[in-house]
Chemist: 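The following block contains the structure, expressed as structure tokens.
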Number of protein chains: 2
Amino acid sequence: MDRRQQKTRDAIFKAFSKLIEQKRYENITVQEIIDEANIGRSTFYAHFETKDELLRALCTDIFSHVFSNELMSEKTHDFSGGNNGLEAKLTHILHHLMDSKTNIVGILSSHSGELFLRYFKDYLTEMFSKYLNEIKMNAPADFVLNHLVGSFAETVKWWIDNKMKYTPEETARYYIEVSCVNRITD
Amino acid sequence: MDRRQQKTRDAIFKAFSKLIEQKRYENITVQEIIDEANIGRSTFYAHFETKDELLRALCTDIFSHVFSNELMSEKTHDFSGGNNGLEAKLTHILHHLMDSKTNIVGILSSHSGELFLRYFKDYLTEMFSKYLNEIKMNAPADFVLNHLVGSFAETVKWWIDNKMKYTPEETARYYIEVSCVNRITD
DNA sequence: AATTTTAACGAACTAAGTGTTTGATAACAT
DNA sequence: ATGTTATCAAACACTTAGTTCGTTAAAATT
């Protein structure tokens, strides 16, 4: 990739991230991004067709870090405790959100969350689905999977909105406790 | 209320509901609403300051029907089964969504869902909170409440996105089954 | 080092939408 | 019958999105 392209792309990402901390996605204009990134108008449109596509690209960038290959690897057959069990993975995700350089929290808590959450849920779905065949409930598997993913995403949003008043460890434990996966392991 | 006002308000609501079935909220312009409702531009702004306020008003209208006084009344101390237990209430809500004249489904499944869902969750929170003190989990009450509300809202969205392939009765039962309230009543 | 390719620039432009103001008209309430 | 008020159309100022194009400069290629 051309060095100039890379520099421009970085500048746009950086400007966009900064802006998204300050105001909600909907109210950010392309003009503001351009000014903040200090690039030409036509340059922006040479990189991204729309603002939505920019957000999409940023999400992809971010999540490829949060959901590492290790995290997405096959489960180690335990839900709670353990080194690489579900609870540990969830804890890892929460830590990552808390510590991340790019302001994931700002994005997630912003109104732009919808698009962002869609990507988040896609990754979560992939992760949770590996645990699915061990969960025997009187409910269809697709229902259970959606419930697990949806409620964890809601939990994360709530956790962030409440200034992360519980630690990642606590939050993950509460989730496991309340979630239906809890009922198989006792 | 002036008959003219009422007529105009109805026309706007009707036009807006029709449009929201066809396209996502973000892409609906005030101009389109005006054209569809066949009213003057200044008339629209005499009624609603912004498009968001229009959506808010519509939501309030709709939910005051879905969440009837009876539904919000004190719980009758059973979670499942029963005439007025939690499961029955959830079933009632799902039925209402399915049968409603105004296209609630279109609104909920649309991208405009965020604002809409906020209102939905507010009502749900009020309803669920009445059951809360009976749920003893190793997790804080506010965490549990958010989990119940969030996961039910997610369930409804999923149910709609999947063309309501399960009946309201089934869906409510699955929810109770997977949810943590299930663990107190057996 | 010379040449070719390509990214960035800026300025101007079209198109579309937002929200406001105005004075006239007609429906409504008293 | 009189006063009030909702609606209307038309024009207005303003903002934003996205495109176009000729120019400049940086990068890749030879």
Side-chain angles (χ1 to χ4, degrees), chain A residues 1-61 106-107 110-116, chain B residues 1-61 106-107 110-116:
Chain A
M1 194 182 208
D2 197 310
R3 240 174 293 152
R4 291 170 295 179
Q5 275 188 358
Q6 193 59 58
K7 272 180 68 175
T8 299
R9 194 181 166 89
D10 287 350
I12 293 176
F13 273 178
K14 193 175 169 188
F16 185 54
S17 297
K18 181 174 177 186
L19 285 168
I20 223 165
E21 293 177 37
Q22 297 167 356
K23 53 201 305 197
R24 44 166 53 178
Y25 173 73
E26 285 80 10
N27 300 335
I28 297 173
T29 65
V30 175
Q31 190 60 54
E32 286 172 312
I33 301 170
I34 288 168
D35 290 344
E36 181 65 38
N38 195 29
I39 59 167
R41 182 165 197 74
S42 49
T43 305
F44 176 88
Y45 284 107
H47 281 258
F48 303 100
E49 288 199 346
T50 64
K51 211 176 54 173
D52 277 7
E53 205 206 305
L54 168 57
L55 180 61
R56 191 197 55 73
L58 186 64
C59 288
T60 305
D61 236 49
I107 300 174
S110 77
H111 214 266
S112 62
E114 200 148 337
L115 186 50
F116 192 87
Chain B
M1 193 186 209
D2 196 312
R3 240 172 292 153
R4 290 170 296 180
Q5 274 189 355
Q6 193 60 57
K7 272 181 68 176
T8 299
R9 194 181 167 89
D10 286 350
I12 293 176
F13 272 0
K14 194 174 167 187
F16 185 54
S17 296
K18 181 174 175 183
L19 285 168
I20 222 165
E21 293 177 37
Q22 297 167 356
K23 55 202 304 197
R24 45 166 50 177
Y25 173 73
E26 285 78 12
N27 300 335
I28 296 173
T29 65
V30 174
Q31 191 60 55
E32 286 173 311
I33 301 171
I34 287 168
D35 290 343
E36 180 65 37
N38 195 29
I39 58 167
R41 182 164 195 76
S42 47
T43 305
F44 176 88
Y45 284 106
H47 280 258
F48 303 101
E49 288 199 347
T50 65
K51 209 175 57 170
D52 277 7
E53 205 206 305
L54 168 57
L55 180 60
R56 191 197 54 74
L58 186 63
C59 288
T60 305
D61 235 50
I107 301 174
S110 77
H111 214 265
S112 63
E114 201 148 337
L115 186 50
F116 192 88

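Numbers restart at 1 for each chain; the letters A, B, ... are given by sequence-line order, proteins then strands.
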Chemist: Report the distance from atom CZ of A:Phe44 to atom C1' of C:dA7, rounded to the nearest whole Å.
Modeler: 16 Å
Chemist: Please examine the side chains of A:Gln31 and A:Asp35, heavy atoms only from C-beta on, and report whether any two atoms are closer than 4.5 Å.
Modeler: yes
Chemist: Please give, in whole Å, the distance from C:dA27 C1' to B:Gln5 CD?
Modeler: 12 Å
Chemist: Taking atom types as they are modelled, would you say the side chain of A:Arg4 forms a donor-acceptor pair with the base of C:dA8 within the 3.5 Å cutoff?
Modeler: no
Chemist: Please give, in whole Å, the distance from C:dT6 P to A:Met1 CE?
Modeler: 14 Å
Chemist: Do A:Leu58 and A:Ile20 have side-chain heavy atoms sitting under 4.5 Å apart?
Modeler: no
Chemist: Let me know the distance between CG of B:Asp2 and C1' of C:dT30, rounded to the nearest Å.
Modeler: 14 Å
Chemist: Figure out the CD1/C1' separation between B:Ile12 and D:dA6, and round it to whole Å.
Modeler: 12 Å
Chemist: Residues two or more places apart in sequence or in another chain: which of them pass salt bridge (charged side-chain N to carboxylate O under 4.0 Å, His left out) with A:Arg4?
Modeler: A:Asp2
Chemist: Does OP1 or OP2 of D:dA28 have a side-chain N or O of A:Arg3 closer than 4.0 Å?
Modeler: yes
Chemist: So with a 6.0 Å cut-off around NZ of B:Lys18, is the heavy-atom count from everything else above 12?
Modeler: no
Chemist: Roughly how bent is the helix from C:dA1-D:dT30 to C:dT30-D:dA1 end to end, in steps of 10 degrees, with each end axis from five pairs?
Modeler: 30°
Chemist: Nearest-Å distance, CD (A:Gln6) to C1' (D:dA28)?
Modeler: 17 Å
Chemist: Does D:dA6 have OP1 or OP2 sitting under 4.0 Å from an N or O in the side chain of B:Thr43?
Modeler: no
Chemist: Reckon B:His47 has a side-chain N or O less than 4.0 Å from the OP1 or OP2 of D:dA6?
Modeler: no
Chemist: Output the rounded distance in Å from CG (A:Asp35) to P (C:dA11).
Modeler: 13 Å
Chemist: For the residue pair B:Glu53 and B:Phe48, what are the closest heavy atoms and their distance?
Modeler: OE2-CD2, 4.0 Å
Chemist: Are more than 12 heavy atoms, taken from residues, nucleotides or ligands other than B:Glu49, located less than 6.0 Å from that residue's CD atom?
Modeler: no
Chemist: Look up atom CD1 in B:Ile12 and atom NZ in B:Lys14, then write down how far apart they are to the nearest 0.5 Å.
Modeler: 13.5 Å
Chemist: Just how far, in rounded Å, is C1' of D:dC8 from CD1 of B:Ile34?
Modeler: 12 Å
Chemist: Are B:Phe44 and B:Thr8 close enough that some pair of their side-chain heavy atoms sits under 4.5 Å apart?
Modeler: no
Chemist: Are side-chain heavy atoms of B:Ile39 and B:His47 found at a separation under 4.5 Å?
Modeler: no
Chemist: Got a list of protein N/O to nucleotides 13-20 of chain C N/O distances below 3.5 Å?
Modeler:
| from | atom 1 | to | atom 2 | distance (Å) |
| --- | --- | --- | --- | --- |
| C:dT18 | OP1 | B:Val30 | N | 3.1 |
| C:dT18 | OP2 | B:Val30 | N | 3.3 |
| C:dG19 | OP2 | B:Tyr45 | OH | 3.4 |
| C:dG19 | N7 | B:Arg41 | NE | 3.0 |
| C:dG19 | N7 | B:Arg41 | NH2 | 3.0 |

